[in-house]
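The structure under discussion appears below in the form of structure tokens.
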Amino acid sequence: MNDLKITQGSEQWDTLRQRCLTDLYWFAATVLNYADRVPLVPHAHQLLCRFIERKTGNALLDDARYRKIELARGWGKTTLVIARAIQRICADPNIAILIANEKEQTARDFLHEIKTQFESNEFLRALFPEVIPPE
């Protein structure tokens, strides 16, 4: 889908942008190409994405101030949380997001991944040109 020609301001462009902002699973898998990094599969990852987006439909989960994700290594927890940060930046370029980890270098790696997506992901850049920093 990344080879798709998109005209800024077209109905297709608007539809894709809206889907990016409302469907974390699709955004992560299709726009950010994370399906290649983590084998994202709908039956295993869509509910996790809804949990991350606070869209499970369960108020106890969605409205909880603190939530914790515990899954085995390789499930894509960090990848999907990074995708959520990018999704939120696309929705509001003025948002402030705290990136923290037990190891400073790991937090730096997360930030580097976010920055790399905005600098080199042509599909993301085509859909959200307003959040791309000047060269």
Query raised in the report: Any side-chain heavy atom of Asn58 sitting closer than 4.5 Å to one from Phe51?
Result: no
Query raised in the report: So how far is it from Ile82 CD1 to Asp109 CG, rounded to the nearest 0.5 Å?
Result: 9.0 Å
Can you give the donor-acceptor pairs under 3.5 Å from side chains of residues 35-42 to other protein atoms, not counting sequence neighbours?
| from | atom 1 | to | atom 2 | distance (Å) |
| --- | --- | --- | --- | --- |
| Arg37 | NH2 | Glu113 | OE1 | 3.4 |

Query raised in the report: With distance as the sole test, does Asn101 use its side chain to make a donor-acceptor pair with the main-chain N or O of Thr106 at under 3.5 Å?
Result: no
Query raised in the report: Considering residues, nucleotides and ligands other than Arg108, do more than 12 of their heavy atoms fall under 6.0 Å from its CZ?
Result: no
Query raised in the report: Which residue pairs satisfy the ring-ring contact (aromatic ring centres under 6.0 Å, His included) criterion with at least one member in residues 59-112, sequence neighbours excluded?
Result: His45-Trp75
**Report entry** Leu47 reachable from Tyr34 in the ILVMFWY side-chain graph, under 4.5 Å edges
**Finding:** no
**Report entry** Straight-line distance of Leu127 CG to Leu124 CG, nearest 0.5 Å
**Finding:** 7.0 Å
Query - Shortest non-hydrogen separation from Leu24 to Cys49 and the atoms involved - result: CD2-O, 3.9 Å
Query raised in the report: With sequence neighbours excluded, what pairs up with Gln8 under the side-chain contact (heavy atoms from CB on, under 4.5 Å) test?
Result: Trp13, Pro129
Query raised in the report: To the nearest 0.5 Å, what is the distance between CZ (Phe27) and CG (Leu80)?
Result: 11.5 Å
Query raised in the report: Are side-chain heavy atoms of Ile69 and Ile52 found at a separation under 4.5 Å?
Result: yes
Report summary line: Applying side-chain contact (heavy atoms from CB on, under 4.5 Å) to Glu122 and not counting sequence neighbours gives Arg125
**Report entry** Residue pairs passing the salt bridge (charged side-chain N to carboxylate O under 4.0 Å, His left out) test where at least one lies in residues 6-32, sequence neighbours excluded
**Finding:** Arg17-Glu130, Arg19-Asp23
Query raised in the report: Is there a donor-acceptor pair under 3.5 Å between the side chain of Arg54 and the backbone N or O of Asp62?
Result: yes
Query raised in the report: Linking I/L/V/M/F/W/Y whenever their side-chain heavy atoms sit closer than 4.5 Å, directly or via other members, would Leu71 and Tyr25 fall into one cluster?
Result: yes
Enumerate, atom names and distances included, each donor-acceptor pair closer than 3.5 Å involving a side-chain atom of residues 86-98, sequence neighbours excluded.
| from | atom 1 | to | atom 2 | distance (Å) |
| --- | --- | --- | --- | --- |
| Gln87 | OE1 | Arg84 | NH1 | 2.7 |
| Gln87 | NE2 | Cys20 | O | 2.8 |
| Gln87 | NE2 | Glu53 | OE2 | 3.4 |
| Asp92 | OD1 | Asn94 | N | 3.0 |

Query raised in the report: Between the side chain of Asn121 and the main-chain N/O of Val31, is any donor-acceptor distance below 3.5 Å?
Result: yes
**Report entry** Main-chain N/O of Gln117 paired with Ser120 side-chain donor or acceptor, under 3.5 Å
**Finding:** no
**Report entry** Ala107 versus Ile99, closest heavy-atom pair with distance
**Finding:** O-CG2, 3.7 Å
**Report entry** Check: Ala72 main-chain N/O paired with Lys77 side-chain donor or acceptor under 3.5 Å
**Finding:** yes
Report task. Enter the distance from Leu61:CG to Lys55:NZ here, rounded to the nearest 0.5 Å. Result -> 15.5 Å
